[in-house]
Amino acid sequence: MSDVSALIIASTVVALIGIALGVMVPAWAMGKAISKALDALARQPEAEPSITRTLFIGLAMIESLAIYVLVIVLIVLFRNPLLGYLLNR
């Protein structure tokens, strides 16, 4: 197995693990945030506008983390800087 094919396989495996974690962890965090928001709404229905606004801001931040993971994984897969070095050796 050449260095290039080993690097491509390693990059693919790392990208798959990264995207799996990058999807699972934010999904878990979103579920927990929504659960806590519903619990807070059940306890204090009069605070609904404040809780909802804070929930949506938090969900947007969590979702942005998942998008950042996707961007980094795509960079690792398609624009790996080590591939050019190994191909020119």
Side-chain angles (χ1 to χ4, degrees):
M1 181 179 290
S2 69
D3 290 341
V4 175
S5 60
L7 180 65
I8 290 172
I9 291 171
S11 295
T12 304
V13 169
V14 168
L16 288 172
I17 292 170
I19 199 68
L21 289 175
V23 169
M24 286 188 297
V25 173
W28 175 80
M30 282 182 177
K32 189 167 181 153
I34 292 170
S35 170
K36 294 292 183 179
L38 289 175
D39 186 42
L41 283 172
R43 291 173 189 245
Q44 296 179 341
E46 68 276 359
E48 186 262 336
S50 175
I51 293 170
T52 304
R53 183 175 46 249
T54 305
L55 173 68
F56 285 139
I57 291 171
L59 290 177
M61 295 296 172
I62 294 169
E63 188 65 32
S64 70
L65 176 64
I67 292 169
Y68 291 147
V69 168
L70 175 66
V71 168
I72 296 298
V73 164
L74 290 175
I75 289 171
V76 166
L77 277 178
F78 297 113
R79 193 66 181 136
N80 195 336
L82 296 175
L83 282 177
Y85 170 75
L86 287 175
L87 289 173
N88 293 330
R89 258 178 28 170

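Heavy-atom basis, side chains included; hydrogens, waters and symmetry copies ignored.
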Q) Would M30 end up clustered with I57 when hydrophobic side chains under 4.5 Å apart are linked, directly or stepwise? A) no

Q.
Quick check on the hydrophobic clustering: are F56 and L38 connected, directly or via other members, by side-chain heavy-atom contacts under 4.5 Å?
A. yes

Q. To the nearest 0.5 Å, what is the distance between CD1 (I34) and CG (L55)?
A. 6.0 Å

Q. Partners of R43 by salt bridge (Lys or Arg N to Asp or Glu O under 4.0 Å), sequence neighbours excluded?
A. D39

(Q) Against V69, only a single residue in V71, V73, I72, I67 fulfils side chain to side chain contact (heavy atoms under 4.5 Å, CB included); can you say which? (A) V73

Q: Determine whether L59 and M61 fall in the same hydrophobic cluster, where Ile, Leu, Val, Met, Phe, Trp and Tyr are linked whenever their side-chain heavy atoms lie under 4.5 Å apart.
A: no

Q: Mind checking the CD1-OG spacing from I75 to S11? Nearest 0.5 Å is all I need.
A: 12.5 Å

Q) Mind checking whether V14 and I9 sit in one hydrophobic cluster, side chains of I, L, V, M, F, W, Y counted as touching below 4.5 Å? A) no

Q.
So which atom in I62 and which in P26 form the shortest heavy-atom distance, rounded to 0.1 Å?
A. CG2-O, 3.5 Å

Q | Taking every non-hydrogen atom, the tightest pair across G22 and A66 | A | O-CB, 3.7 Å

Q.
Show every side chain to side chain donor-acceptor pair (under 3.5 Å) that has at least one partner inside residues 52-75, sequence neighbours left out.
A. E48-T52

Q.
Do M24 and L65 sit in one hydrophobic cluster, given that two such residues count as connected whenever their side-chain heavy atoms are within less than 4.5 Å of each other, even indirectly?
A. no

Q. How many angstroms lie between NZ in K36 and CD1 in I51, if you round to the nearest 0.5 Å?
A. 13.0 Å

